[in-house]
Participant: 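Quick one: structure below, then a few questions.
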Amino acid sequence: MLLRVLGWILLAFALWLGARDALALLETGGFDPTPVGQVWADIHRDSLLLLEPGIVRHVHPALWEWVVFPLLQAPAALIFAVPGLGLALAARSQTPRRRRRPGWR
């Protein structure tokens, strides 16, 4: 149940970000999707600024360069929609189905 709710929240956030990007497309005439890093910076800039030094110093510099930084530049609507859809579908398949009783139609 919790995974399904989290999936739907991520999908709703992705839809909102997609609508925001679509409105920006109509206003400016050019498509420039909002990156994940910009969304994160809008929410809490200090934690984003501490992410790079923390990963480079304590984990591995290649993780920042090859995985995290490209993800921060990816379109936010897509990054939130993919796990949201995955969680919603995974939680749906785990829900027990009701069995039909014999004689009931």
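We use all heavy atoms of the structure for the numbers below, so side chains are in, but hydrogens, waters and symmetry mates are not. Index from 1, following the sequence.
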Participant: Taking all non-hydrogen atoms of both residues into account, name the closest pair between Val36 and Ala76 and its distance.
Facilitator: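 Scanning both residues, the minimum pair turns out to be CG2-CA, 3.6 Å.
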
Participant: Table please: side-chain donor-acceptor pairs of residues 49-60 below 3.5 Å, with sequence neighbours left out.
Facilitator:
from	atom 1	to	atom 2	distance (Å)
His60	ND1	Ala62	N	3.0

Participant: Using distance only, find each side-chain donor-acceptor pair of residues 21-34 under 3.5 Å and give its atom names and separation, not counting sequence neighbours.
Facilitator:
from	atom 1	to	atom 2	distance (Å)
Asp21	OD1	Thr34	N	3.2
Asp21	OD1	Thr34	OG1	2.7
Asp21	OD2	Thr34	N	3.3
Thr28	OG1	Ala24	O	2.7
Thr28	OG1	Gly30	N	3.3
Thr28	OG1	Gly30	O	3.2

Participant: In this structure, would Trp16 and Leu87 fall into the same cluster of hydrophobic residues linked by side-chain contacts under 4.5 Å?
Facilitator: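 Yes, same cluster.
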
Participant: Taking all non-hydrogen atoms of both residues, which atom of Ala88 and which atom of Leu11 are closest, and how far apart?
Facilitator: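 Nearest heavy atoms, Ala88 then Leu11: CB-CD1, 4.3 Å.
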
Participant: Measuring from Arg4:CZ to Ile9:CD1, what's the distance to the nearest 0.5 Å?
Facilitator: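 Going from CZ on Arg4 over to CD1 on Ile9, the span is 13.0 Å.
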
Participant: Is there a path from Val39 to Leu48 through hydrophobic residues (I, L, V, M, F, W, Y) whose side chains come within less than 4.5 Å of each other?
Facilitator: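 No.
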
Participant: How far apart are the closest heavy atoms of Ala77 and Gly18, and which atoms are they?
Facilitator: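 Residues Ala77 and Gly18, closest heavy atoms: CB-N, 3.9 Å.
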
Participant: Please work out which of the three classes, parallel, tilted or perpendicular, describes the rings of Phe13 and Phe80, given edges at 30° and 60°.
Facilitator: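 Judged by the thresholds at 30° and 60°, the geometry between Phe80 and Phe13 is perpendicular.
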
Participant: Which is it for Leu71 and Ile79 under the side chain to side chain contact (heavy atoms under 4.5 Å, CB included) test, yes or no, and what are the steps along the way?
Facilitator: CA-CA 8 Å; Leu71 279 175; Ile79 295 297; 3.9 Å; yes

Participant: Using the rule that two of Ile, Leu, Val, Met, Phe, Trp, Tyr join whenever any of their side-chain heavy atoms come within less than 4.5 Å, decide whether Val67 and Leu72 are in one cluster.
Facilitator: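 Yes; tracing contacts between hydrophobic side chains, which count when under 4.5 Å, links both residues.
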
Participant: Report, as yes or no, whether the 6.0 Å neighbourhood of atom CH2 on Trp40 holds more than 12 heavy atoms from other residues, nucleotides or ligands.
Facilitator: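 Atom CH2 in Trp40 is crowded, with more than 12 foreign heavy atoms closer than 6.0 Å.
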
